[in-house]
Amino acid sequence: MKKAVWLFFLPLLFAAAPAHAVYTQDRMHRFEAALRAASMIPIDGDIDNTVNLEGAVNYGVWESLALGVSAGWGSTSFETSTGPAASRIQGGDVTIVPVFFDFIFRSRDRSHPYSFYGILGLGGLFTSLDEDGAVAASGLHAEAKDDFALKLGFGLDWFANENWIYNFELSHVFTGANILVTDATGNKIDDRELDYWYIGGGVKYLFS
C-alpha cells in the first residue's frame, strides 16, 4: 500500500521540479488543489497506524486567509478484549473518512519560496467497520460510530515554480468517533477512541 502511494506521487514531484528559483506567489482570489499522502497515527495504541490519502481545494480570500474543503480515506485494524482480564483478539478492519471545512492562516512574506500556515478544520469522521470473525465467536459485537471532528495543525508550502507547490502538514484530529464493543446484552466491553495524528506531504497546484 505505502509503496503504491509513493509510486503515485513521484511523477507529480518530478513534474513540479523548479527550473529556477521562484518566490511565493500572490494567492489571493485564486483556487488551489492539493493531493497528499500521510501517516494516520491513532492515539489509541490498540488501533494500527495506516496511510491516509487526502484531497483538498482551497480559495484565497485574503493574503493571510484561505478557506477550503478536504476529504481523506484510510483503512486500519484494531484489537479488542473479550472482557475484564481476558485475552486480546482481532476486532476487525475500519475504514475512516475524515471530511473538513478548513480555515487556513498563511504567512505573507514573499521574499522567499516558502510559506508557513496554521490550519483549523471543522467537520466529521465517517467510519465503516468489517467485524472480525473472532468477535462474533466470542459472543461480542463491534460497531464504529461517526461523530464531529476538529483538526488543529500547521504546515509548510514550498513553491517549486509559479503553479506547483510542495506541501508538508502536521495536525491532530480530535473526535468523538469511536469503536464500541458490546456483549450479547448490550453492555460495553471495550471502547477504542479514533483521535489521531496526521503527518503527511504532497503537492498543490495554484490555478492562474
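A distance of 6.0 Å or more separates the ring centres of Phe207 and Phe31.
With rounding to the nearest 0.5 angstrom, the CG atom of Asp183 is 11.5 Å from the OG atom of Ser138. Note: Asn187 CG to Leu140 CG = 11.0 Å, rounded to the nearest 0.5 Å. Summarising the geometry, atom CZ belonging to Phe154 is positioned 13.0 Å from atom NE2 belonging to His172; distances are rounded to the nearest 0.5 Å. The structure places CD1 of Ile96 at 7.0 Å from CD1 of Ile179, a figure rounded to the nearest 0.5 Å. Summarising the geometry, atom CG belonging to Asp146 is positioned 9.0 Å from atom OG belonging to Ser128; distances are rounded to the nearest 0.5 Å. Rounded to the nearest 0.5 Å, atoms CZ (Arg27) and CD1 (Ile104) are 8.0 Å apart.
In the hydrophobic clustering of ILVMFWY residues, with side-chain heavy atoms under 4.5 Å counting as a link, Val69 and Tyr205 come out together. In this structure, Ile199 is not a member of the same hydrophobic cluster as Trp73, with clusters built from ILVMFWY side-chain heavy atoms closer than 4.5 Å. If you chain together hydrophobic residues whose side chains sit under 4.5 Å apart, Ile41 and Leu53 never meet in one group. Note: the hydrophobic cluster containing Ile189 also contains Leu129 (ILVMFWY, side chain heavy atoms under 4.5 Å, direct or indirect links).
Among all heavy-atom pairs drawn from Val135 and Gly91, the shortest one is CG2-O, 3.5 Å. Between Gly72 and Val97 the shortest heavy-atom distance is O-CG1, 3.3 Å. Summarising the geometry of Ala71 relative to Val99, their closest heavy-atom pair is CB-CG2, 4.2 Å, with the distance given to 0.1 Å. Taking all atoms of both residues into account, the shortest heavy-atom contact from Leu206 to Ile165 is CB-CD1, 4.3 Å. Across all non-hydrogen atoms, the minimal contact from Met40 to Asn52 is CE-OD1, 3.3 Å. In terms of heavy-atom proximity, Gln90 sits nearest to Phe78 at OE1-O, 3.5 Å.
In this structure, the side chains of Gln25 and Arg30 come closer than 4.5 Å at one or more pairs of heavy atoms. Side-chain contact check for Phe101 versus Leu67: some heavy-atom pair is nearer than 4.5 Å. Within the 4.5 Å cutoff, the side chain of Thr127 has heavy atoms near those of the Leu194 side chain. A 4.5 Å side-chain heavy-atom check between Trp197 and Ile43 finds at least one atom pair inside the cut-off. Taking the side chain as every heavy atom from C-beta outward, Ser208 and Asn163 approach each other to under 4.5 Å. Side chains of Arg110 and Asp26 form a contact here, defined as non-hydrogen atoms less than 4.5 Å apart.
Judged purely by atom type and a 3.5 angstrom limit, Thr175 uses its side chain to pair as donor or acceptor with the backbone of Ala177. Looking only at distances, a side-chain donor or acceptor of Thr50 sits under 3.5 Å from a matching main-chain atom of Ser75. Between the side chain of Thr76 and the backbone N or O of Val94 there is no donor-acceptor pair closer than 3.5 Å.
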Begin from the C-alpha positions of Asp102 and Ser70 and carry the test side chain to side chain donor-acceptor pair (under 3.5 Å) through to its verdict. CA-CA 7 Å; Asp102 297 322; Ser70 59; 2.8 Å; yes
Set out, in order, the CA-CA distance, both residues' side-chain angles and the distance that settles salt bridge (charged side-chain N to carboxylate O under 4.0 Å, His left out) for Glu63 and Arg106, then state yes or no. CA-CA 7 Å; Glu63 284 193 26; Arg106 296 167 169 162; over 6 Å; no
Under the side chain to side chain contact (heavy atoms under 4.5 Å, CB included) rule, what do Val203 and Arg36 come out as? Steps first, then yes or no, please. CA-CA 7 Å; Val203 292; Arg36 282 187 291 265; over 6 Å; no
When you look at Arg192 and Asp190, which way does the salt bridge (charged side-chain N to carboxylate O under 4.0 Å, His left out) test go after all the steps? CA-CA 7 Å; Arg192 305 263 67 90; Asp190 206 356; 2.6 Å; yes
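Between Arg88 and Asp46 a salt bridge is recorded (basic side-chain N to carboxylate O distance below 4.0 Å). By the 4.0 Å N-to-carboxylate-O rule, Asp147 lies too far from Lys145 to be salt-bridged with it.
Heavy atoms of other residues, nucleotides or ligands lying less than 6.0 angstrom from CZ of Arg108 number 12 at most.
Between the side chains of Asp109 and Ser107, no donor-acceptor pair is found at a separation under 3.5 Å. Between the side chains of Glu32 and Tyr59, no donor-acceptor pair of N or O atoms lies under 3.5 Å. Neither side chain, Ser77 nor Asp93, offers a donor N or O lying under 3.5 Å from an acceptor on the other. For the residue pair Ser115 / Asp157, no side-chain donor-acceptor distance below 3.5 Å is found, with atom types taken as modelled.
When each of Phe168, Tyr166, Trp164, Tyr114 is tested with Trp158 by the rule ring-ring contact (aromatic ring centres under 6.0 Å, His included), just one qualifies, namely Tyr114.
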Check: residues 116-125 side-chain donor-acceptor pairs under 3.5 Å, at least two apart:
residue: Tyr117; atom: OH; partner: Asn167; partner atom: ND2; Å: 3.0
residue: Tyr117; atom: OH; partner: Glu169; partner atom: OE1; Å: 2.7

